[in-house]
Amino acid sequence: MSQVRVRFAPSPTGPLHIGGVRTALYNYLFARKNNGSFLLRIEDTDQTRFVEGAEKYIMDALEWSGIKVDEGIREGGNYGPYRQSDRKAIYKQYADLLVQKGDAYYAFDTQEQLENMRNEAEKSGKTFIYNASVRSGLNNSLALEENVWKEKLEKGDAFVIRYRMPAEEEIHLHDLIRGHIVVNTSTLDDKVLFKSDGMPTYHLAHIVDDRLMEITHVIRGEEWLPSLPLHIMLYRSFRWDAPQFAHLPLLLKPDGKGKLSKRDGDKMGFPVFPLFWPYGETAKGYREDGYYPEAFVNMLALLGWNPGTEKEIFSMDELIEAFSIERVGKSGSRFDPEKARWFNHQYLQKKTNSQLAAEFSEFLKTKSIVEDIVRLESLIGIVKERVSFVREFWDQTDFFFIAPESYDTDAVKKRWKADTGSQMIGLRALMAGMNTVAAAPVEEAVKSWIEAGGYNTGIIMNALRLLLVGASRGPGIFEIIEWIGKEETLRRIDRGVAVLGI
RNA sequence: GGUCCAUUCGUCUAGUGGCUAGGACGUCAGGUUUUCAUCCUGGUAACAGGGGUUCGAUUCCCCUAUGGACUACCA
């Protein structure tokens, strides 16, 4: 078998959403799994939909996701150019070839005329289809006298080239994921292959490019399944061997209706894009939300594919090893933001404290806080397991850096009793007399003090926590004391007693 | 409307002509914890419906329903 070559071929009409990233990922995994090549081809044949920045975004998003392109605009390769607008000169000859073979023809109908015919058909409850049943009555080289249409061409009249779909023929298709599919050509139309602006349509361009780039497997979204018969017919007309096809199930909107689309932006309460999109209507991305690319990719890989085992955490290498197109599901999937969060939690737990300290240190700069990296590492160690995102370290540790200025009302009500203040003063004296505030000795001292005084452990501890944290939350009291130090501990007790009363 | 695709717990999914239909996330309960989380244990929850085929269907076939995609000189 020839070398496996697959491509991801987005059009640069805006930011790539996560469905697109997943398509790219499956292509990439398939290529790596089979020691093949993964190419990125930009499909910008529709010049009216060009969006500034989209092409760069696509490449950046793949790079961030850890999906490495073997051949493409940035990477180069022996099958370029990799941008269809740069390949413009290639396509016309192939459209002409089809006309010569009699499998395509010139059509001169204006868009207005077609629009009218569609409207007319709709009035009588029918659908206008430009195909064998009507083409002989329309304005094209199949219906017109040869000298008439040739004259039109010479005059420079606007024309398109349409595929001449057979009137009535069963086409048998095979899809790697869906199996055998049969479609009758009578339900298909004579698709435009070459537009009046001199550019090919997707249908022609991608067939030609896939051929020229020696693509062996086309792995793309399910939205392309309805046009697969056309594509198969094109390969047949060119007398080319068709690649294998696999149509991926779609990613659905989490709230139920329809496929996920770029326009969903972040209305859903979670990002639908890998990266922040800075142009026009901006949209947030997974990267900026604090997701690790490994977690993002892991989550995406399991959305529509599974290994058949109960393993859920996969590195990219493990995904490559385990991936097979046969295990891609058939039905669309909605994704669950909670599960995405869980994946990030798993990956964050695997990071070392020193890595996390460095990341958290960056975050702290936004709060104008500078802290010793070793002290940060020990802080990370204290709260790591309760955190899913780096930014959440702040939610768990803000009181380490900033003494409480107010005290949670409910906690005060519950934890601050009539004689609590005087007990806290006693506790303060105990700690003031110690020459260390390391967690273990303080804990020992406090506990024996409690025992000696006949106090209730829960009451004392919770009250002390209230003074140090300002609320009923946070890690172990003695870990907090050790980290903030003796002076700060005493200061917080003093202030708390002053505010809450004796 | 037409064509095509799909349908297992709320979500992602495993699975088989005969299983107590499995796992994960969520959720609920209990435990751990001085608090809040984490964590541990346990529970809850699904084969869309109707016909066949069969000794027996979640599994195979048909119909219906539902969902989705497509139906542009967009990809």
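Small disclaimer: the values here were computed from a predicted structure and weren't measured. Every chain is numbered from 1, with letters handed out A, B, ... down the list of sequences. The figures that follow rest on heavy atoms only: side chains count, while hydrogens, waters and symmetry mates do not.
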Taking the side chain of A/Glu223 as heavy atoms from C-beta outward, which of B/rU35, B/rA75, B/rU38 is closest to it? B/rA75
Can you check whether any acceptor in the base of B/rG2 is under 3.5 Å from a donor in the side chain of A/Thr187, or vice versa? no
What is the pairing partner of B/rC73, taking Watson-Crick or G-U wobble pairs with both distances under 3.5 Å in any strand? none
Could you tell me whether A/Asp109 contacts a base, only the sugar-phosphate backbone, or nothing, with contacts defined as non-hydrogen atoms closer than 4.0 Å? base
Between A/Phe401 and A/Trp394, how do the two ring planes meet: parallel, tilted or perpendicular, split at 30° and 60°? parallel
Between A/Tyr82 and A/Asp209: side-chain donor-acceptor atoms closer than 3.5 Å: no
Nucleotide nearest A/Leu303 when distance is taken to its side chain, options B/rC12, B/rC4, B/rC5: B/rC12
Taking the minimum atom-to-atom distance to the side chain of A/Ser472, which one of B/rU34, B/rU35, B/rC73 wins? B/rU35
Out of B/rA75, B/rG26, B/rC73, which nucleotide sits closest to the side chain of A/Trp224? B/rA75
Across the strands shown, which category fits A/Ile477 at heavy-atom distances under 4.0 angstrom: base, sugar-phosphate, nothing? base
A/Arg236 and A/Asp103 ion-paired at < 4.0 Å: no
Counting distance alone, no hydrogens or angles: does the base of B/rC74 have a donor or acceptor under 3.5 Å from a partner atom on the side chain of A/Arg49? yes
Interatomic distance at C1', B/rA69 relative to B/rC74, whole Å: 15 Å
From the list B/rA37, B/rU7, B/rC12, which nucleotide is the closest neighbour of the side chain of A/Ser331? B/rU7
Using both distances under 3.5 Å as the test, list the Watson-Crick or G-U wobble partner of B/rU66, or none. B/rA6
Do the side chains of A/Lys311 and A/Glu318 get close enough for a salt bridge, i.e. N-O under 4.0 angstrom? yes
CZ of A/Phe343 versus C1' of B/rU13: gap in Å, rounded? 11 Å
Using heavy atoms to find the nearest nucleotide of RNA chain B for A/Gly474 and A/Phe335 separately, return the residue whose nucleotide is more 5′. A/Phe335
Nearest-angstrom distance from the residue atom CH2 of A/Trp342 to C1' of B/rU38: 15 Å
Once you round it to whole Å, what is the distance between P of B/rA24 and NZ of A/Lys311? 15 Å
Length of the CG-C1' vector between A/Asp210 and B/rA75, whole Å: 14 Å
Distance, P atom - from B/rU53 to B/rA14, rounded to whole angstrom: 31 Å
For nucleotides B/rU11 and B/rG51, find the distance between their C1' atoms and express it as a whole number of Å. 31 Å
Please determine, for B/rC47, whether a Watson-Crick or G-U wobble partner exists with both distances under 3.5 Å, and give it or none. none
Please give the nucleotide sitting opposite B/rA29 as a Watson-Crick or G-U wobble pair, both distances under 3.5 Å, or none. B/rU41
Distance check, P atoms only: B/rU16 and B/rG1, in whole angstrom units. 36 Å
Out of B/rG23, B/rC25, B/rA14, minimum distance to the side chain of A/Arg327 belongs to B/rA14
Rounded P spacing from B/rG30 to B/rG67 in Å: 40 Å
Step through the shown structure and confirm whether more than 12 heavy atoms of other residues, nucleotides or ligands are within 6.0 Å of CD on A/Gln113. yes
Closer than 4.0 Å, any side-chain N/O of A/Lys259 to the OP1 or OP2 of B/rC70? yes
Quick one: do the A/Arg327 and A/Asn306 side chains pair a donor with an acceptor below 3.5 Å? yes
Now, which nucleotide makes the Watson-Crick or G-U wobble pair with B/rA57, with each of the two distances under 3.5 Å? none
Would you say a side-chain N or O of A/Arg162 is under 4.0 Å from OP1 or OP2 of B/rC73? yes
Could you check which of B/rA75, B/rU34, B/rG23 has an atom nearest any side-chain atom of A/Glu310? B/rG23
Please tell me which of the listed nucleotides, B/rG1, B/rC39, B/rG26, lies nearest to the side chain of A/Thr127? B/rG1
Nearest listed nucleotide, side chain of A/Glu385, among B/rC12, B/rA37, B/rU7: B/rA37
I'd like to check A/Pro249 versus A/Arg178 (side-chain heavy atoms, cut-off strictly below 4.5 Å). Are they in contact? yes
Ionic contact status for A/Glu443 with A/Lys447, cut-off 4.0 Å: yes
Using OP1 and OP2 only, check whether a side-chain N or O of A/Ser333 sits under 4.0 Å from B/rU11. no
Check this for me: does the side-chain of A/Arg386 come within 3.5 Å of the base of B/rU38 through a donor and an acceptor? no
Taking 4.0 Å as the cut-off, does a side-chain nitrogen or oxygen of A/Arg341 come that near to OP1 or OP2 on B/rC25? no
Whole-angstrom distance between B/rA48 and B/rG43, as gauged at atom C1': 26 Å
Rounded P spacing from B/rU66 to B/rA72 in Å: 25 Å
Are any of A/Arg118's side-chain N or O atoms less than 4.0 Å away from OP1 or OP2 of B/rC73? yes
Taking the side chain of A/Glu43 as its heavy atoms from C-beta onward, which of B/rU35, B/rC25, B/rA75 lies nearest to it? B/rA75
Rounded to whole angstrom units, what separation is found between the CG atom of A/Leu348 and the P atom of B/rU38? 14 Å
For B/rU13 and A/Asn306 - does any side-chain N or O of the residue sit under 4.0 Å from the phosphate oxygens OP1/OP2? no
Taking atom P of B/rC25 as reference, at what distance in whole Å does atom CD of A/Gln346 sit? 8 Å
Toward the 5' end of RNA chain B, by each residue's nearest nucleotide, A/Lys414 or A/Ala9: A/Lys414
Please state how far atom CG in A/Asp336 lies from atom P in B/rC9, giving the value in whole angstrom units. 15 Å
Interatomic distance, A/Asp398 CG vs B/rC36 P [rounded to whole Å]: 17 Å
Look at A/Lys195 and B/rC74 and indicate whether a side-chain polar atom (N or O) is within less than 4.0 Å of OP1 or OP2. yes
Test side chain to side chain contact (heavy atoms under 4.5 Å, CB included), reference A/Arg334, set A/Leu303, A/Leu252, A/Leu251, output is A/Leu252
Give a yes/no answer on whether the side chain of A/Thr45 brings an N or O atom under 4.0 Å of OP1 or OP2 in B/rA75. yes
